[in-house]
Peer 1: 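Structure below; questions to follow.
Order of the sequence lines fixes the chain letters, A, B, ..., with proteins taken first and strands second; residue numbering starts at 1 for each chain. All values derive from a computational prediction rather than experimental measurement.
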Amino acid sequence: MHADPGGPFLIQRLDDADAPAGPVNAAGPAQLSLLDDDAPRWVWRSPRTYRALLAAGVRVTRAHDVELVERLLVAAAGRFGAPHGLAAASARLAGLPEEPDPPPEADDEPPGLFPSAAPAGPETLAAVVAVHAAQRRTLAGNPRLALLATAESAGGVVAEEMRADGLPWDADVHDDLLTTALGPRPAGYARPRRLAELAADIDAAFGRPVNPDSPAEVLRAFGRSGFELPSTRSWVLKKVDHPAVAPLLAYKELARLHTAHGWAWLRTWVHDGRFRPEYVVGGVVSGRWATRGGGALQIPRAVRGAVRADPGNRLVVADAAQLEPRILAAMAGDDALARAGGREPDSDLYAGLAHELFGGSAPDGRAKAKLAVLSAIYGQTSGDAGVHLALLRRRFPAAVDVVEAAARAGEDGRIVRSWLGRTSPPAAPGDEVPARARARGRFTRNFVVQATAAEWALVLLAELRAALHAAGDPARLVFFQHDEVLLHGPADGAELAAAMVQDAADTATRRLFGDTPVRIPVPGRVVTSYAEK
DNA sequence: ACAGACTGCGCC
DNA sequence: AAAGGGCGCAGTCTGT
């Protein structure tokens, strides 16, 4: 399929060998919806194609996204970061020089603005068909990568649908939250009242005007008061005994709220009761999503009360509990670690681990166990981390081996791969310098776990979306953030939808790891507001 | 005047 | 309490 925004949809049927099995046809939205009743696997160029379809009112059951898959295949072939756009992929097939990828188009940009972009219309369709066939040949020999390609494509579908549906956002509640914290909305670009008061308190404490938004000025002001500080980070300031500290900390927190998620944000990003961020599938090298604009993956807790279900509806908020250590246990086949994570839906892995490592009654056992696990996954070396990690290694050697092998690979300048085959970037020139090599070791150590967790979440999303779709959409996916999903739908279907999340999670675990004792709890709570516990 | 680096902090 | 992995964004600072 090929869809120019607003233009005709060009479609062509493929046979079992992925070759054209008929002529190119132009189809309208109604015809496309009818064709989807047979649940074909649609093949298209990029999530943009689906954006155009959704705009025309067409939703599909499943798809293969050529550009998303091409990026996976290019990296897997050892050419991380090489162009993966349709034009480049098409040129590679033809043995021609690759064209660089065009820059991402703005939403309202007419197609074809960039001369280097792929040709429009039937030629684009032919390129999609040819590149898809080549991709399928490559994937035929690699079932794990094929699963990843399917999940990545499904991610593109979910991302565009979530953007089209939007996250329910109550601007009045948001405005009330801001007014309570900052004072009334100021005219123009003036400081809100509360910030102005705190700035005055800061000036008074230093005995002269100091711009609290300027770290350099704040450092100089403390210097004159006899405090030489390494930075103005809040945890540094908290240790300083000076009257400016309290108003400065309060100012920083509120200024952050004002600039990042204040009235300007609200006006820019929330329309008609919906927040519609643009999700960038695979935007992070680990396979996590990024967003473009709106900071959707950093919605602070302070404004989550503004995320409210429509009247008569509910939100289902579900996040995977201690996802990364459980993923590590599954990857490593470390049944001891899996058992420590427990099998109950609400089991606490760190508590179970504390029992295993320190016995039941050790003080701070849970905190120490958590530190040990984070050391293993992030490569932390400071404080007691090394001691706790050694303990972890003795009890769970299989799990620790997985991350330490990844760390060694990174330090040696080699690449690593996730469980399904997402490939890390290669070492850069200069990475053999010891400090850089250690940093790269920490990166690859984390990559194997974070990237596998990301693909598990992607498979969960795909399964959940398919199950919801098949059940007639008792709820819609409206938000996804690394290990957390939000659903929105009628109140009477919310409990069912919450149960479907755990089912999708269990299916994802089996799809990736087969028969494993690892269980990943994804408890869903049915709420009216995202801020509710 | 504008671009890019840097700082600091929100989220996972 | 602090510091390990991954981001995006707003504001200041610096260089041209």
Side-chain angles (χ1 to χ4, degrees), chain A residues 189 191 195 210-220 229-239 248-249 251-262 264-265 268-269 277-280 282-304 307 319-325 327-328 364 367-368 370-386 388-389 403 406-407 410 416 418 422 424-425 435 438-454 456-457 479-486 530:
Chain A
Y189 292 94
R191 259 185 186 143
L195 286 181
V210 173
N211 176 5
D213 290 321
S214 167
E217 247 186 81
V218 172
L219 282 184
R220 281 195 296 273
L229 305 180
S231 76
T232 63
R233 289 186 164 85
S234 56
W235 61 265
V236 171
L237 296 182
K238 277 175 190 152
K239 294 186 297 190
L248 250 179
L249 291 173
Y251 179 92
K252 278 167 169 282
E253 189 177 332
L254 292 177
R256 168 95 196 157
L257 176 65
H258 176 54
T259 59
H261 286 91
W265 182 93
T268 306
W269 292 105
E278 178 171 13
Y279 296 95
V280 185
V284 180
V285 292
S286 64
R288 280 183 171 185
W289 293 9
T291 54
R292 199 148 41 215
L297 302 185
Q298 297 104 243
I299 299 171
R301 290 173 195 285
V303 302
R304 289 185 181 182
V307 181
D319 64 310
Q322 299 125 12
L323 177 59
E324 294 193 348
I327 288 290
L328 175 58
D364 303 328
K368 288 183 194 169
K370 184 173 178 177
L371 187 65
V373 169
L374 295 183
S375 307
I377 294 175
Y378 291 149
Q380 180 183 348
T381 52
S382 68
D384 294 334
H388 296 138
L389 181 55
V403 284
V416 294
S418 70
R422 195 182 301 267
S424 76
R438 282 193 298 276
R440 190 174 144 74
R442 287 193 296 274
F443 169 72
T444 50
R445 169 194 292 269
N446 183 254
F447 180 93
V448 293
V449 180
Q450 186 184 116
T452 302
W456 175 87
F479 190 60
F480 167 61
Q481 178 175 228
H482 309 316
D483 61 359
E484 177 179 23
V485 294
L486 260 67
Y530 191 16

Peer 1: What string of B, S and - do you get for nucleotides 6-16 of chain C 5' to 3' if you count protein non-hydrogen atoms under 4.0 Å?
Peer 2: BSBSSSSS---
Peer 1: Atom CG of A:L328 and atom P of C:dG5: how far apart are they, to the nearest Å?
Peer 2: 17 Å
Peer 1: Do the side chains of A:N446 and A:I377 get nearer than 4.5 Å, heavy atoms only?
Peer 2: yes
Peer 1: Give a yes/no on whether any side-chain N or O of A:S375 is located under 4.0 angstrom from OP1 or OP2 of C:dG4.
Peer 2: no
Peer 1: Return no unless some side-chain N or O of A:K252 is found under 4.0 Å from OP1 or OP2 of B:dC9.
Peer 2: yes
Peer 1: Can you confirm whether more than 12 heavy atoms, excluding those of A:E217, are under 6.0 Å from its CD atom?
Peer 2: yes
Peer 1: Closer than 4.0 Å, any side-chain N/O of A:K239 to the OP1 or OP2 of C:dA2?
Peer 2: yes
Peer 1: Considering every strand and a 4.0 Å limit on heavy-atom distances, what is the contact class for A:K238: base, sugar-phosphate, or nothing?
Peer 2: nothing
Peer 1: State, with a plain yes or no, whether a side-chain heavy atom of A:I299 is found less than 4.5 Å away from one of A:F479.
Peer 2: yes
Peer 1: Would you mind reading off the distance between A:W235 atom CH2 and B:dT7 atom C1', rounded to a whole angstrom?
Peer 2: 14 Å
Peer 1: Taking side chain to side chain donor-acceptor pair (under 3.5 Å) as the definition, give me every residue that meets it alongside A:R422, ordered by chain and number, with sequence neighbours left out.
Peer 2: A:E152
Peer 1: From C-beta outward on A:P300, which listed nucleotide comes closest to its side chain: B:dG10, C:dA2, B:dC12?
Peer 2: B:dG10
Peer 1: Is there side-chain contact between A:L248 and A:V210, with heavy atoms separated by less than 4.5 Å?
Peer 2: no
Peer 1: Over how many whole Å does the gap from A:Y251 atom OH to B:dT7 atom C1' extend?
Peer 2: 15 Å
Peer 1: Using whole Å, what does the distance between atom P of nucleotide B:dG10 and atom CZ of A:R304 come to?
Peer 2: 12 Å
Peer 1: In whole angstrom, what separates A:R442's CZ from C:dA3's P?
Peer 2: 13 Å
Peer 1: Indicate, with a heavy-atom threshold strictly under 4.0 Å, whether A:R301 touches base, sugar-phosphate, or nothing.
Peer 2: sugar-phosphate
Peer 1: Looking only at the side chain of A:T232 (C-beta and beyond, no hydrogens), which of the listed nucleotides B:dC11, C:dA2, B:dG8 gets closest?
Peer 2: B:dG8
Peer 1: What is the distance, to the nearest angstrom, from the CG atom on A:L389 to the P atom on C:dG5?
Peer 2: 15 Å
Peer 1: Distance check needed: B:dC12 C1' versus A:L323 CG, whole Å only.
Peer 2: 10 Å
Peer 1: Roughly, in whole Å, what's the span from CD1 in A:I377 to P in B:dC12?
Peer 2: 16 Å
Peer 1: A quick test of your reading: do over 12 heavy atoms of other residues, nucleotides or ligands sit less than 6.0 Å from NZ of A:K368?
Peer 2: yes
Peer 1: Name the nucleic acid region contacted by A:I299, choosing base, sugar-phosphate or nothing; use a 4.0 angstrom heavy-atom cut-off, strictly under.
Peer 2: sugar-phosphate
Peer 1: Identify whether any heavy atom of A:R438 sits under 4.0 Å from a base atom; if not, whether one sits that close to sugar-phosphate; answer base, sugar-phosphate or nothing.
Peer 2: nothing
Peer 1: Tabulate atom names and distances for all N/O pairs under 3.5 angstrom spanning the protein and nucleotides 3-6 of chain B.
Peer 2:
none

